[in-house]
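Please read the structure below before turning to the comments.
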2 protein chains.
Amino acid sequence: MDRTVIGEAGRISRPNLPLLLLKARESVIRPFRPIFNRYDLTEQQWRVLRLLADQTEVEQREVAEACQILGPSLAGILARLEEAGLVRRARAKADQRRVFVTLSAKGKRLIAEMAPLVDAEYQRLESALGGELMASLITVLDRLLELPAVTENGEAPT
Amino acid sequence: MDRTVIGEAGRISRPNLPLLLLKARESVIRPFRPIFNRYDLTEQQWRVLRLLADQTEVEQREVAEACQILGPSLAGILARLEEAGLVRRARAKADQRRVFVTLSAKGKRLIAEMAPLVDAEYQRLESALGGELMASLITVLDRLLELPAVTENGEAPT
DNA sequence: ATCTAATCGATAACATGTTATAGAATATCA
DNA sequence: TGATATTCTATAACATGTTATCGATTAGAT
């Protein structure tokens, strides 16, 4: 089954799944950006704060995993969030390598203020997509992520 | 219809479409990264080169649009690709604002060398997903991108 | 022809992504 | 126990993402 397709200008254009996913994500996230900007947060900072609002006492590595942010990026993000007084970091007593991250009172207030706006925008997104398309998206993406061949880290160890 | 779900540790976790798309894209692109690294290219640089291989004589703004790269990023990317001798830039005679971007001979050779590896990896991806899931993904993502409410730029003019 | 608005690319400033590496702490095992 | 490997965070170096702004150029309207 050849999915190759002739594009607008007669060029060959194979379906480009990574690019398609990039465009889809950009479309979905775009309307949220003004909200983040209004509160001087980046998209990534919001992702971290939102996680902490739901979980309380998360290890830094869990934050990285859950928010899909690499270690070196997260180090800076948390430093800035702490500098802004929104977050606190503390080394675990049991294992001095690990760091626990917590939302500060100020952070909680900020989340409480922003959450309704973000949730409302999400509602708008859901009604724009319709329940059926939304469900299809989630189902298909979950199926993709469940594939062992896709989940594997890829590079064989030396 | 409430899609709220209780996660592993009993926490509330709404479906987070942007995060889901991010994870999906990361999973899909991960196995390609070693190829890019082997040839000292970034993912974005490859995206640009591949576009130029198919099109010849593309305006810079079209590159930005097609590759989903913002102007300021693209300025640097093209400068580095030109510095590496892979690409050429030339102002359009008719409209001195516009810049045409072209693949150099060296760039064409590089693409010719890399394309088989990248294509093979894409084949592996397709067989890992299976034709059905691949088709569903493309269909659903295309439907998302066709929605006017999602395509609109969002912010109303002042 | 002129004035104004829109377009295109570049730059600045800062945040984040990516890879490699270092440092400290802990786990593993001989 | 002691040597070794592994884990977790931080830093460095560079590329890219994001927003704001500038400069040059062209398009549109008068």
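Chain A is the first sequence line, chain B the second, and so forth, proteins listed ahead of strands; every chain is numbered from 1.
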For this session: May I ask you to test the A:Glu132-B:Arg143 pair for a side-chain heavy-atom distance under 4.5 Å?
Result: yes
note: B:Arg80, atom CZ; D:dA13, atom C1'; distance rounded to Å ~ 13 Å
d(B:Met134 CE, A:Leu17 CG) to nearest 0.5 Å is 5.0 Å
_For a quick test of reading the model: is some side-chain N or O of B:Arg89 closer than 4.0 Å to OP1 or OP2 of C:dA10?_
yes
Here the ring pair (Phe, Tyr, Trp, His ring centres under 6.0 Å) pairs for residues 17-37 of chain A, sequence neighbours left out, are A:Phe36-A:Trp46
To the nearest angstrom, the CD-P distance between A:Gln44 and C:dT16 comes to 6 Å
Here the distance between atom P of D:dT11 and atom CD of A:Gln60, to the nearest Å, is 11 Å
Sorted by number, residues from residues 91-103 of chain B placing a heavy atom under 4.0 Å from DNA chain C are B:Arg97, B:Arg98, B:Val99
d(B:Leu141 CG, A:Leu137 CG) to nearest 0.5 Å is 6.5 Å
When rounded to whole Å, the CG to P distance for the pair A:Leu22 and D:dT16 reads 14 Å
So the ring pair (Phe, Tyr, Trp, His ring centres under 6.0 Å) pairs with at least one residue in residues 52-95 of chain A (sequence neighbours excluded) are none
Separation of C:dA10 atom P from B:Arg61 atom CZ, nearest Å, is 14 Å
Under a 4.0 Å heavy-atom cutoff, the residues of residues 65-77 of chain B touching DNA chain C are B:Pro72, B:Ala75
Taken to the nearest whole Å, CD/B:Glu59 to C1'/C:dT7 is 11 Å
In whole angstroms, the gap separating C1' of C:dG9 from CD of B:Glu82 amounts to 14 Å
Rounded to the nearest 0.5 Å, the CZ atom of A:Arg30 sits from the CG atom of A:Leu125 at a distance of 12.0 Å
Beyond-backbone contact of B:Ile35 with B:Glu121, side-chain heavy atoms, under 4.5 angstrom:
yes
side-chain contact (heavy atoms from CB on, under 4.5 Å) between A:Glu65 and A:Glu62, intermediate numbers included: CA-CA 5 Å; A:Glu65 160 84 22; A:Glu62 294 178 306; 5.5 Å; no
To the nearest 10 degrees, the angle between the two end axes of the helix from C:dA1-D:dT30 to C:dA30-D:dT1 (five pairs per end) comes to 30°
Which donor-acceptor pairs under 3.5 Å do side chains of residues 67-92 of chain A form with protein atoms, sequence neighbours excluded?
{"from": "A:Glu82", "atom 1": "OE1", "to": "A:Arg89", "atom 2": "NE", "distance (Å)": "3.2"}
{"from": "A:Glu82", "atom 1": "OE1", "to": "A:Arg89", "atom 2": "NH2", "distance (Å)": "3.0"}
{"from": "A:Glu82", "atom 1": "OE2", "to": "A:Arg89", "atom 2": "N", "distance (Å)": "3.3"}
{"from": "A:Arg91", "atom 1": "NH1", "to": "A:Gln96", "atom 2": "O", "distance (Å)": "2.9"}
{"from": "A:Arg91", "atom 1": "NH1", "to": "A:Arg97", "atom 2": "O", "distance (Å)": "3.2"}

Between CZ of A:Arg33 and P of D:dG17 the distance, given in whole Å, is 11 Å
Output for pair (A:Leu51 CG, A:Arg47 CZ), nearest 0.5 Å, gives 11.0 Å
Would you say B:Asn37 places a side-chain N or O within less than 4.0 Å of OP1 or OP2 belonging to C:dT18? no
For B:Val28 and A:Leu144, run side-chain contact (heavy atoms from CB on, under 4.5 Å): C-alpha distance rounded to whole Å, both residues' side-chain angles, the deciding distance at 0.1 Å, then the answer.
CA-CA 9 Å; B:Val28 167; A:Leu144 168 65; 4.0 Å; yes
